[in-house]
Amino acid sequence: GIFLYNLRIDEIADHERNLSNTALIVAKQVEHSFLAAEAVQKEIISGIAVLEGADKKTRDLELSEYSIHTRLRDKAAGMTYVGSLVIINENGRVLNLSRQWPVPDINASDRDFFRTLQSDQSMASFISAPILNRANGSWVVQFAHKILGPNGEFRGVTTAAIELAQLQSSFSEISLEPGSGIALIRADGMLLAHIPKADTGVEHHHQDAEHDYQGAADVKFFSANGGLTKVGVGVIDGESRVIATRQVGRFPIMIAATKATSTI
């Protein structure tokens, strides 16, 4: 009995190390994608700052031009995970976007990323809950950055739509063992993307904006402690799992790599 107990402890510890390495690899991959999107957004914001001398109407007209659309389109085309880049004014009106031309009449003032950045003066960027893109039926998270005027006034947001299917596809490239899974989780516990057990053939798991990760308290604990491993309950199947998490750089998201203890 003692021998089997010790063998079980050793097996779990070995899998904790492997899962921790997997979480680190995926976290670095996701961090690279978000850093690239952030760099482009900051470049866009710098370009908007040049128009500060113009009144609001002129500024909106300038940002609505076809030349701005082509710049956004070319920038988005260079990033695998970014489905579209968008510029939104302080009233929530979409001024320009990379995905289509002419610019459709869209107002984003009811979106969580817009409301959050508009109301929270201390927050410069925000990662939204998953949103169903009505244009092509794909699930995205909006990685949004606030646009400020010269005196710190709210001037709108620029967003990069991160395609969750593309991220999940990159997760699938990791050689997962049977019973394993990888999840992308926001710091408040919201599940953004997930690859289920590799041996089931189940389609990629999609979540709507109302579904929160059931282990939100665990996620906050992991986040506060820099990424740890533990045995817990899996959010998708309710099974006992070894869970290893890693923070995605300085972004408020985490990668969780898991494996069912029954498989171990």
Checklist entry - In this structure, are over 12 heavy atoms from other groups packed under 6.0 Å from D105 atom CG? => result no

Checklist entry - Between S33 and I162, is any pair of side-chain heavy atoms under 4.5 Å apart? => result no

Checklist entry - Should I255 and L184 count as side-chain neighbours, where that means a heavy-atom distance under 4.5 Å? => result yes

Checklist entry - In this structure, are over 12 heavy atoms from other groups packed under 6.0 Å from K28 atom NZ? => result no

Checklist entry - Under the side chain to side chain donor-acceptor pair (under 3.5 Å) test, which residues partner N107, sequence neighbours left out? => result S109

Item to check | With R73 via side chain to side chain donor-acceptor pair (under 3.5 Å) - residues at least two apart | outcome: none

Item to check | Residues T80 and Q166: side-chain donor-acceptor under 3.5 angstrom | outcome: no

Item to check | Any donor-acceptor N/O pair, N91 side chain to R93 backbone, under 3.5 Å | outcome: no

Next on the checklist: Between W139 and L132, does the side chain to side chain contact (heavy atoms under 4.5 Å, CB included) criterion hold? Intermediate values first, please.
Outcome noted: CA-CA 5 Å; W139 286 91; L132 183 62; 3.9 Å; yes

Checklist entry - Short question: side chain of T158, backbone of V86 - any donor-acceptor pair under 3.5 Å? => result yes

Item to check | N/O donor-acceptor pair under 3.5 Å between Q247 side chain and F251 backbone | outcome: yes

Next on the checklist: Tell me which pairs pass side chain to side chain donor-acceptor pair (under 3.5 Å) where either residue lies in residues 144-157, with sequence neighbours left out.
Outcome noted: E38-H145, Q41-H145, E52-R155, E153-R155

Checklist entry - So which of V103, I44, L63 actually passes side-chain contact (heavy atoms from CB on, under 4.5 Å) with N96? => result V103

Next on the checklist: Is there a side-chain contact between S128 and T116 in this structure, where contact means two heavy atoms from C-beta onward sitting under 4.5 Å apart?
Outcome noted: no

Next on the checklist: So does S64 get a backbone contact from the side chain of H69, meaning a donor-acceptor N/O pair under 3.5 Å?
Outcome noted: no

Item to check | Passing option when T159 is tested against V82, I87, I88 for side-chain contact (heavy atoms from CB on, under 4.5 Å) | outcome: I88

Item to check | Counterpart residues, side chain to side chain donor-acceptor pair (under 3.5 Å), relative to E62 (two or more places apart) | outcome: none

Item to check | side chain to side chain donor-acceptor pair (under 3.5 Å) partners for T70, two or more places apart | outcome: none

Item to check | Pairs meeting criterion ring pair (Phe, Tyr, Trp, His ring centres under 6.0 Å) with involvement of residues 75-100, two or more places apart | outcome: none

Next on the checklist: Please evaluate residues D112 and Q142 with respect to the criterion side chain to side chain contact (heavy atoms under 4.5 Å, CB included), reporting the C-alpha separation (whole Å), side-chain torsions for both, the decisive distance (0.1 Å), and the verdict.
Outcome noted: CA-CA 9 Å; D112 64 343; Q142 294 288 359; over 6 Å; no

